[in-house]
> 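What follows is a single structure, and I will ask about it in a moment.
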Amino acid sequence: MDELKEQRLKKLKELTEQGVNPYGGRFDRRDSAAACREEYREEKKVSVAGRLTAIRGHGKTVFADLRDSSGKIQLYLRRDTLGEDNFANLKLLDLGDIVGVRGSLFTTRKGEISVMVREIILLSKALQPLPEKWHGLKDQEIRYRRRYLDLIVNEEVKELFRKRSRIIREIRLFLEERGFLEVETPMMQPLPGGAAARPFQTFYTALNTKMYLRIAPELYLKRLLVGGFEKVFELNRSFRNEGLSRKHNPEFTMLEIYEAYGDCRTMMELVESMIIHLAEQVCGTLQLNQGDTVVNLERPWKRIRYRDLINGYLKTTDWFSNSTAEMAEVAGRLDLEVSPAMSAVEITHEIYEKCVEPGLIQPTFVLELPAELVPLARRSEGDPGVVDVFELVINGFELAPGYSELNDPIEQRRRFQEQESRPPPAGTEERGGEKIDEDFLTALETGMPPAGGTGIGIDRLVMILTGANSIRDVILFPQLRPKTDT
RNA sequence: GGGGGCGUAGCUCAGAUGGUAGAGCAACGGCCUUUUAAGCCGUGGGUCGAAGGUUCGAAUCCUUUCGCCCUCACCA
């Protein structure tokens, strides 16, 4: 049935009978594959370890490729240097086995730096075959479900995740250099807040209470502003119990930053310089390819009011003086689904999200959103109908909202109540995100300094910086439907 | 949840109008002492995602179902 595995098990048995442990322990490797090539010296003694990814037999000689995390090095194994028995045992090795070798470097006739192997030690016998060496692994499902195979075979995937790691490291460096403190706040919360999304629920037996996985860390970070930490950030997972898509994974990495005494503009400046810094450090360019378009991160990024975007798109100057019925009619003509229950703000936002936002390819800060949409932000001085916020849009999707944070506890309570009284959208009976967090309000009553805050979807940021077109390509183990059978 | 596409050997893929499943790589046996997608000779390998139906006959047509991809909805 499973013929390939049977054959490998047979080899494993044979090795065991010869006294070879097919799952060896420590192997002191002094050299990486890359080091063998970069620090090449004829006859240099090396010891390297890694996975066999190609074996080319030539009678009394064998060439093999050994791959470690630094790259690939060719092995050259000869019967006259290994001895007859050891050489014969090479037949018991398979593609995918992990071995350690000792030998010395030389260059072949074709100019390939190789290890003349004197000793080869099996460190781990692979019982599963590797995907095809030339075409690699393309099957999306296997690539996501068995990411290790994807990583073994597709070098560019490995490189992308290295890049992700560097991006996250650079974010920490960037913020720490500017005096921000990294903190960790609860992922399990009695009340999920800071956003409007359906939460995941769990139960904490010891306290006999329902808990939620956080949908955002916001309300806890603000408590820290109250506590006197003036510049904080948290870079970690949040969870939302919503649908999967190219842009959504139920657990995703979010960076939230708060700066006391700042506002939405200080945050805009911070976000702009940080993303540019990341692109320079990690991509080495500000021109980022996204499929067939190019995102140009060069300053200055566009800043435009929500109102002006809408008016501009609809080629009018006074969209907001329309009645709700008139708005609904225009939206209908744009092929948008509008229900009679929708308010003017909701209809307008529908137009924004479906028609305007997707067209914002170059970095754009959208300013002054309607207050109803953002319950945790401060109202604008001149216009109480809008809040002092930005929404950074790149490549047609929202990357980072930022606010001048609301620090008025009385106003905050009113906004929470307003939000609570709105009927939840159909099919979302269990939300929990709309219960009022009294403990948070008490914190605000204690006095929170004015502050600027922002949240950046790190997965989406990585998508832009790597040109990936699905969030699944930037998450090592993206959520898929669990599979019970194989 | 709606719409569309896909699912054939371990991997990458062929399989017009229905006629009883193929290639390359991988595997196995043999030859080969500087190859590198090594080469040459030979061999094995399939519940054609699953179940049901139409038919003399189904990978192919129909229905149901599972999974993945795209898209819409939900997701401030």
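Here is the naming used below: chain letters follow the sequence lines, and residue numbers restart at 1 for every chain.
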> Is the backbone N or O of A:Ala195 less than 3.5 Å from a side-chain atom of A:Arg240, with the two atoms forming a donor-acceptor pair by type?
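No, because the side chain of A:Arg240 does not come within donor-acceptor range (under 3.5 Å) of the backbone of A:Ala195.
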> Pick the P atom in B:rG22 and in B:rU65, then give their distance to the nearest Å.
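Result for the P pair: 34 Å, nearest Å.
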> Write down the distance separating the C1' atoms in B:rU8 and B:rA58, rounded off to the nearest Å.
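The same atom, C1', in both gives a distance of 14 Å.
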> Whole Å only: how far is the CH2 atom of A:Trp134 from the C1' atom of B:rC25?
12 Å
> Can we say A:Asp65 and A:Arg56 salt-bridge, meaning some charged N sits less than 4.0 Å from an Asp/Glu carboxylate O?
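Result for this pair is yes, salt bridge flagged.
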> Rounded off to whole Å, could you give me the CZ-to-C1' distance for the A:Phe252 and B:rC75 pair?
10 Å
> Rounding to an integer number of angstrom, what distance separates B:rG57 and B:rU43 when you compare their P atoms?
34 Å
> Between A:Gln412 and A:Arg415, does any side-chain donor sit less than 3.5 Å from a side-chain acceptor?
no
> Quick check for you: among B:rG10, B:rU33, B:rC68, whose closest atom lies nearest to any side-chain atom of A:Glu132?
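For the A:Glu132 side chain, the nearest candidate turns out to be B:rG10.
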> Tell which nucleotide pairs with B:rC6, taking only Watson-Crick or G-U wobble pairs whose two distances are both under 3.5 angstrom.
B:rG67
> Can B:rA23 be described as syn, meaning its chi torsion is within 90° of 0, or is it anti?
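Anti, which is what one calls it when the glycosidic angle falls more than 90° from 0.
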> Suppose you measure atom C1' in B:rG10 against the same atom in B:rG46; what distance do you get, rounded to whole Å?
12 Å
> In whole Å, what separates the C1' atom of B:rU71 from that of B:rG15?
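Between the two C1' atoms, the distance is 30 Å.
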> Starting at atom CD1 of A:Ile142, determine the distance to atom P of B:rC11, rounded to an integer number of angstrom.
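Atom-to-atom, A:Ile142 to B:rC11, this comes out as 5 Å.
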> Have a look at A:Asp459 and tell me which of A:Val474, A:Asp473, A:Asn249 forms a side-chain contact (heavy atoms from CB on, under 4.5 Å) with it.
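When A:Val474, A:Asp473, A:Asn249 are each tested with A:Asp459, the side-chain contact (heavy atoms from CB on, under 4.5 Å) holds only for A:Val474.
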> Would you say the base of B:rA76 stacks on A:His349 (centre-to-centre below 5.5 Å, plane angle below 30°)?
no
> Say whether, by atom type as modelled, one donor and one acceptor occur between the side chain of A:Glu234 and the main chain of A:Leu221 under 3.5 angstrom.
no
> B:rC11 P sits how many Å from A:Gln140 CD, rounded?
15 Å
> Just name whichever nucleotide pairs with B:rC61, Watson-Crick or G-U, keeping both distances under 3.5 Å, else none.
B:rG53
> Checking contacts here: which listed nucleotide (B:rU34, B:rU36, B:rC74) is nearest the side-chain heavy atoms of A:Glu242?
B:rC74
> Who pairs with A:Lys158 by salt bridge (charged side-chain N to carboxylate O under 4.0 Å, His left out), at least two apart in sequence or on another chain?
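Counting only residues at least two positions away or on another chain, A:Lys158 forms no salt bridge (charged side-chain N to carboxylate O under 4.0 Å, His left out).
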> Please evaluate residues A:Val462 and A:Ile458 with respect to the criterion side-chain contact (heavy atoms from CB on, under 4.5 Å), reporting the C-alpha separation (whole Å), side-chain torsions for both, the decisive distance (0.1 Å), and the verdict.
CA-CA 6 Å; A:Val462 173; A:Ile458 295 302; 4.1 Å; yes
> From the list B:rU35, B:rU33, B:rC25, which nucleotide is the closest neighbour of the side chain of A:Ser114?
B:rU35
> Distance between the C1' atoms of B:rC48 and B:rA21, in whole angstroms?
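Here B:rC48 and B:rA21 have their C1' atoms 8 Å from each other.
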> Does the structure show a Watson-Crick or G-U wobble partner for B:rG18, both distances under 3.5 Å? Name it, or say none.
none
> Once hydrogens and angles are ignored, does a donor-acceptor distance under 3.5 Å link the base of B:rC75 to the side chain of A:His248?
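Such a pair exists between side chain and base.
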> Between the protein and nucleotides 2-7 of chain B, which nitrogen or oxygen pairs come in under 3.5 angstrom?
none

> Is the NZ or CZ atom of A:Arg37 positioned over A:Tyr40's six-membered ring, under 6.0 angstrom from the centre and within 45° of the axis?
no
> Of the nucleotides B:rG45, B:rC28, B:rC11, which one has an atom closest to the side chain of A:Lys11?
B:rC28
> On RNA chain B, check which nucleotide each of A:Asp65 and A:Pro129 is closest to and give me the residue with the more 5' one.
A:Pro129
> Measure from CZ on A:Arg145 to P on B:rG67 and round the result to the nearest Å.
9 Å
> Using whole Å, report how far CG of A:Leu4 lies from C1' of B:rG46.
13 Å
> With both distances under 3.5 Å as the test, what is the Watson-Crick or G-U wobble partner of B:rG42?
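Its partner is B:rC28 (Watson-Crick or G-U wobble, both distances under 3.5 Å).
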> Take atom CD of A:Glu218 and atom P of B:rA76, then tell me their distance rounded to the nearest Å.
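Atom-to-atom, A:Glu218 to B:rA76, this comes out as 13 Å.
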> So for A:Arg56 and B:rU35, does any side-chain atom that can act as donor or acceptor lie under 3.5 Å from a complementary atom in the base?
yes
> Please confirm whether the shortest side-chain N or O distance from A:Arg246 to OP1 or OP2 of B:rC70 is below 4.0 Å.
no
> Please pick, from B:rC68, B:rU12, B:rU35, the nucleotide with the shortest atom-to-atom distance to any side-chain atom of A:His58.
B:rU35
> So, A:Arg378 and A:Asp263, do they make that salt bridge, N to O below 4.0 Å?
no
> Are A:Arg414 and A:Glu418 ion-paired here, with the side-chain N under 4.0 Å from a carboxylate O?
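No, this pair does not count.
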> Out of B:rC74, B:rU12, B:rU35, which nucleotide sits closest to the side chain of A:Lys354?
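Among the listed nucleotides, the one closest to the side chain of A:Lys354 is B:rC74.
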> Kindly point out which of B:rC75, B:rC69, B:rU33 is positioned nearest to the side chain of A:Leu480?
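Selected nucleotide (nearest to the side chain): B:rC69.
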> Determine the interatomic distance between C1' on B:rG45 and the same-named atom on B:rG52; round to the nearest Å.
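Per the computed distance, 29 Å lies between those C1' atoms.
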> Kindly indicate whether the side chain of A:Gln74 and the base of B:rU35 share any N or O donor-acceptor pair separated by less than 3.5 Å?
yes
> To the side chain of A:Lys60, which of B:rC25, B:rA76, B:rC32 is closest?
B:rC32
> For A:Thr108 and for A:Lys138, locate the closest nucleotide of RNA chain B by heavy-atom distance; then report the residue assigned to the nucleotide nearer the 5' terminus.
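Closer to the 5' end of RNA chain B: A:Lys138.
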> For A:Ile347 and B:rA76, give me the distance from atom CD1 to atom P, rounded to whole Å.
18 Å
> Using the C1' atom as the reference point in each nucleotide, state the distance between B:rC32 and B:rG42 in Å, no decimals.
16 Å
